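Working notes, structure below.
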Number of protein chains: 2
Amino acid sequence: MKKNPATLSDIARKLNISISTVSRALHDHPAISQSTKSRVIKLAEKLNYQPNMLALSLLNKKTNTIGIIVPEITSYFFSSIINGVQDLVNDAGYRLIISQSEESFEKEKEILDTLSKVRVDGFLVSPTSETHNAHHFNKLIESGTPLVIFDRDCTGFNADKVLVDDYDGAFQAVEYLIKTGCRRIAHITGPSKLSISRHRLHGYLDALKKYDIPKVDDLIIPVEGFTPEFGVEAAKAMMEFPELPDAIFAINDGIAIGAMYVIKEAGIQIPNQVSVIGFDDEPHSSYFIPPLTSVWQPVYDMGLLSARILLSKLKGKKSSEARYEMLKPELIVRASSREL
Amino acid sequence: MKKNPATLSDIARKLNISISTVSRALHDHPAISQSTKSRVIKLAEKLNYQPNMLALSLLNKKTNTIGIIVPEITSYFFSSIINGVQDLVNDAGYRLIISQSEESFEKEKEILDTLSKVRVDGFLVSPTSETHNAHHFNKLIESGTPLVIFDRDCTGFNADKVLVDDYDGAFQAVEYLIKTGCRRIAHITGPSKLSISRHRLHGYLDALKKYDIPKVDDLIIPVEGFTPEFGVEAAKAMMEFPELPDAIFAINDGIAIGAMYVIKEAGIQIPNQVSVIGFDDEPHSSYFIPPLTSVWQPVYDMGLLSARILLSKLKGKKSSEARYEMLKPELIVRASSREL
DNA sequence: TACATTTATGCAAAGGTTTGCATAAGTTAT
DNA sequence: ATAACTTATGCAAACCTTTGCATAAATGTA
């Protein structure tokens, strides 16, 4: 059933002219007569001619395609970044191939590999939690394919990076809790391999230190994932404590929401007895009761900026210094935390 | 800085053998001597040779790529479908190009166009709310590129389709409300151009009819979008009614959540005074208090099935009848609605 | 020795496009 | 009438790969 798409030579044959003439006619080349042009254009339309980008890319050594690799697309966080990227690169005439690494290092390498084979012009990647060396990235860069890392740092690897200041976001959140009178502040932390988990934990600890609040190991509760289920699990554990915390700073909104659920079900008042703060400021978070205080991240802008940097590399900007951009998050105070 | 990737001829030149020999050596062709093979393989590795898929695709008239077009990727709904698709097509050796139409017909056509130019092998598309003719789809199919429609119907267009029985989902929800004693049931409906909105509205109306409950026009509240803000808006309007409804069936969870927020803030009891049911069963929905009753859709399976159908077309299945698959949704009862 | 067979390799075409250079016809100026 | 120029078109190479067919050398057989 597969008819072959029309080609230049199809048009040329039917019109008894050469392929080059057809090509030039379609590009409105000045050396082609008007009459020929119109004949060609008419037939091209009739045959539904579409230039074969494969041939073109092969010729130009350029696909006008960029590849983006994220751990997952299901989250609001990554899909919003992608939106930023998409908007910018499309306007610049590039296509975007979105791939999911599913937090697997192997898969990340595999994707990098297949996308190299299809000759994407550049890469945007947010490394997996398993990614601890950068051989595969370096190989790519050495071969001249530009690459920009975003959101998650890959320490020791020198490249263009666009990150969010997770440390600062966490610090802001915890400092706010302290200023509103909380002293026994728990932190539900994410996978320790992840740079963002470490940075947020660090921010939490430094905020405590600044106000001379002793760190209590039991109040730092590690969980394996980012979904509400893990928040439920952590909160249930917390309920067994001899003394409840008076605040919870969760690694993200999903966890915070799970924790809030357990707390409210137990009849504990938020924020009177326990304040809760999340991270990411997801769209639904403000519709819980009480609405969730959260650290907002400039997701869309992170996408835009990452894309802009990549595009400038593609435009042949002599790779000066690697750019290192650190975007500032912002604490959005709502009713799940006490007032100042 | 862009070094050209190694090619077969690079290897051939350095080894003083022909390109064909190199190609065959890398494919472990029996007619090539072991010694040659190992020399070739070694050098290929050293040069980091990667076959150029552009050349290959050009030769084979096949890119092993399929394109999927969704209105947006930010929602849990579409991103989960994409996951289903991704998992299946990757296993089958295909790449996936994800594009967003942003509910714009023009953009949909544009995407179809550029993806045709890069010669994707097949399409998966969930049409925009503006898509009311199928010329562009038909042109594609005529040219022999298979296409599967999913989630949103495009009536009058005969093609392979994988849909969810929205009518049935709505009917189930409303029937449940009636059986639990609700009589004054409001429906917050989505954009009327969208097949899913119409079908859900229809299910709502037919359920009322079955139980001889008169339709009250004021109780059908149309909104323009799917985010909680619209739910807030609709619920606020509802608050002005001389008599409150005793149940709300919302077009989706986002709307339901926004409505619940307003209702709870107003001190009205859910579900004692007002039951609320949403649609989509998003991950966060069960963590609201009360947890939201919602119509679950087999999103991942819809992705799988759509992809499976497309792949079978690509495998050269003689296009028999167009397949029309209607998946069944399921009402997940939680505490935002009364017990039976 | 002559012929058949095996083993290893190379040639060239095909896939679709662009573009520098060559060519052909037609026009203008001398 | 000839040179010089304009105008319109075509040739062929390049991008990279696969593969049917041809070739060459080496080995085996009668």
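Here is the naming used below: chain letters follow the sequence lines, and residue numbers restart at 1 for every chain. This is a predicted model, so every value here is computed, not measured.
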Given [options], the nucleotide with the shortest approach to the side chain of [X]:
X	options	result
B/Thr21	D/dT9, C/dT17, C/dT9	C/dT9
A/Ala55	D/dC11, C/dT17, C/dG10	C/dT17
A/Ser23	C/dA8, D/dT17, C/dT18	C/dT18
B/Thr7	D/dA8, D/dT18, D/dT17	D/dT17
B/Lys61	C/dG15, D/dG10, D/dT18	C/dG15
B/Asn52	C/dA8, C/dG10, D/dC16	D/dC16

Between [atom2] on [N] and [atom1] on [X], what's the gap in Å once rounded to a whole number?
X	N	atom1	atom2	result
B/Asn4	D/dA14	CG	P	15 Å
B/His29	C/dG10	NE2	P	14 Å
A/Lys37	D/dT7	NZ	C1'	12 Å
B/Leu8	D/dT18	CG	C1'	9 Å
A/Leu26	C/dT18	CG	P	8 Å
A/Arg24	D/dT7	CZ	P	16 Å
A/Asp10	C/dG16	CG	P	8 Å
B/Ile11	C/dG10	CD1	P	14 Å

(message) Looking at A/Pro5, is its backbone amide N or carbonyl O close enough to the side chain of B/Lys61 to form a donor-acceptor pair, meaning the two atoms are under 3.5 Å apart?
(response)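 A pair under 3.5 Å: no.
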(request) Please answer whether the main-chain N or O of A/Thr131 pairs with a side-chain N or O of A/Thr128 as donor and acceptor at a distance below 3.5 Å. (result)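 Yes, the answer is positive, given that a donor and an acceptor are paired below the 3.5 Å cut-off.
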(request) Pick base, sugar-phosphate or nothing for B/Leu56, based on heavy-atom distances below 4.0 Å to the nucleic acid. (result)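 Sugar-phosphate, no base atom in range.
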(request) Would you mind classifying the nucleic acid contact of B/Thr36 as base, sugar-phosphate or nothing, using non-hydrogen atoms under 4.0 angstrom? (result)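 It contacts sugar-phosphate atoms only.
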Quick check on [N]: is either OP1 or OP2 less than 4.0 Å from any side-chain nitrogen or oxygen of [X]?
X	N	answer
B/Tyr49	D/dC16	no
B/Ser18	C/dG10	yes
A/Ser20	C/dT17	no

(message) Assuming nearest nucleotide by heavy-atom distance, tell me which of B/Val22 and B/Leu54 is located more 5' along DNA chain C.
(response)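 Result of the comparison: B/Val22.
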(request) Report the residue (B/Ala6 or A/Ile19) whose heavy-atom-nearest nucleotide on DNA chain D is the more 5′ of the two. (result)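 Nearest nucleotide further toward 5': that of A/Ile19.
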(message) If you define the side chain from C-beta out and look only at heavy atoms, does anything of A/Gln50 sit under 4.5 Å from B/Arg119?
(response)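 The answer is yes, as the side chains (C-beta and beyond) meet within the 4.5 Å cut-off.
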(message) So that I can tick it off, tell me whether B/Lys117 and B/Asp113 are bridged by a salt bridge, with the cut-off set at under 4.0 angstrom between side-chain N and carboxylate O.
(response)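 Yes, charged N to carboxylate O under 4.0 Å.
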(message) With no hydrogens and no angle check, just 3.5 Å: does a side-chain donor-acceptor pair link B/Asn48 and A/Ser143?
(response)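 No pair is found: no donor N or O on one side chain lies under 3.5 Å from an acceptor on the other.
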(request) Can you establish whether the number of heavy atoms outside A/Lys42 located under 6.0 Å from its atom NZ is more than 12? (result)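 Not more than 12 within 6.0 Å, no.
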(message) Please determine whether any donor N or O and acceptor N or O are separated by less than 3.5 Å between the side chain of B/Arg119 and the base of C/dG16.
(response)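 Between C/dG16 and B/Arg119, which were checked side chain against base, a qualifying N/O pair under 3.5 Å is absent.
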